[in-house]
Every structure is written in C-alpha cells, then in structure tokens.
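Structure first, commentary second.
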Amino acid sequence: QVRPVESGGGSVQAGGSLRLSCAAALYSHLYCMGWFRQAPGKEREGVASVHSDGTTSYADSVKGRFAISKDNAKNILYLQMNNLKPEDSAMYYCAAEGGEDCTDYRLTPDWLGWSWGQGTQVTVSS
C-alpha cells in the first residue's frame, strides 16, 4: 500500500514557526490530502486538508495561524505553522486519499479512506 511520508517536525518555543512536508509522489491521483494530529492521551483530530478542487478546510483552533498548501506537480503537501502554542504539541500525521472522494470527510480522522504516514513530532515549549 502506498503511504505518504512526512518530514519537518521539531521543537520550537511558543510563538515560533515550523513547516511540515508530506510527499505522496507515487499516487497517480489524489482527491484529498490532509494533516491530522494526536497528542498523548487525546484522540486524533483533523488540522487542515486540501481537496483536488483547491478548497481547503481548517480546524477552528488553527485558523489564522496555519496554512496548508500543495505542490500539485510533485504531490507534496505543506503545512506552515505560525504562532505556535504549547497546545499544538502533538504527533502530526499526513493523510492521503486517491481512490474515493473525500468531500465529506476532510477533517475526519477515522474515515477508512485515508492512507496514513508514520507521523512527525511537533513540540512547542512555553
């Protein structure tokens, strides 16, 4: 099974920035790609996603601070994270879907259509 591959996590102080990348070069077609995160003891939650039609979706907690973008030629997904807060600390996972339309599941972490990367850790200190 083809899976996306994340990179770019790390540690930063509150107010800082990080950019995550996710490569999905082997997908011939992608309906959606998205970023999800899971903090210790919490459920996985949707952060941001982009549909093949160009529309984006964001969790309320990151609106105005995070920006998702995609290089369509290379199938690389980015998440620019600015003004990071300690509560943003989590394992961030990239998800991709190429076989089904994800329109109704853009920020739904338990949708069975997603293929998941291994995750990249983001730690924000106060």
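All residue numbers refer to positions in the sequence shown, counting from 1.
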Does the [X] side chain pair with the main chain of [Y], one donor and one acceptor, at a distance under 3.5 Å?
X	Y	result
Tyr92	Glu6	no
Arg106	Ser49	no
Ser89	Val124	yes
Glu97	Asp101	no

With a cut-off of 6.0 Å (strictly less than), are more than 12 heavy atoms of other residues, nucleotides or ligands near CD of Gln13?
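Incorrect, the count does not exceed 12.
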Verify same cluster id: Val12, Met81 (apolar side-chain graph, 4.5 Å):
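Looking at the clustering, Met81 is in the same group as Val12.
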Do Val5 and Leu20 sit in the same hydrophobic cluster, where Ile, Leu, Val, Met, Phe, Trp and Tyr count as joined when their side-chain heavy atoms come under 4.5 Å apart?
no
Just do the side-chain contact (heavy atoms from CB on, under 4.5 Å) check on Cys32 and Tyr105 with the steps written out, would you?
CA-CA 9 Å; Cys32 282; Tyr105 308 100; over 6 Å; no
How close do [X] and [Y] get, counting heavy atoms only, and between which atoms?
X	Y	result
Ala90	Gln121	O-NE2, 3.3 Å
Ser125	Pro86	C-CG, 4.5 Å
Tyr93	Gln118	CE2-O, 3.5 Å
Gly8	Leu18	O-CD2, 4.2 Å
Phe66	Val47	CD2-CG1, 3.7 Å
Ala59	Gly46	CB-O, 3.4 Å

What is the ring orientation for Trp114 with Trp116, classed by angle as parallel under 30°, tilted 30 to 60°, or perpendicular over 60°?
tilted
Side chains of Arg37 and Leu79, heavy atoms from C-beta outward: is any pair under 4.5 Å?
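No - every pair of side-chain heavy atoms lies 4.5 Å or more apart.
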Is the shortest heavy-atom distance from the side chain of Pro4 to the side chain of Leu77 under 4.5 Å?
no
Is Asp88 paired with Lys85 through a side-chain N to carboxylate O contact shorter than 4.0 Å?
no
Rounded to the nearest 0.5 Å, how far apart are CZ of Arg3 and SG of Cys94?
12.0 Å
When rounded to the nearest 0.5 angstrom, what is the spacing between OH in Tyr58 and CG in Leu107?
10.5 Å
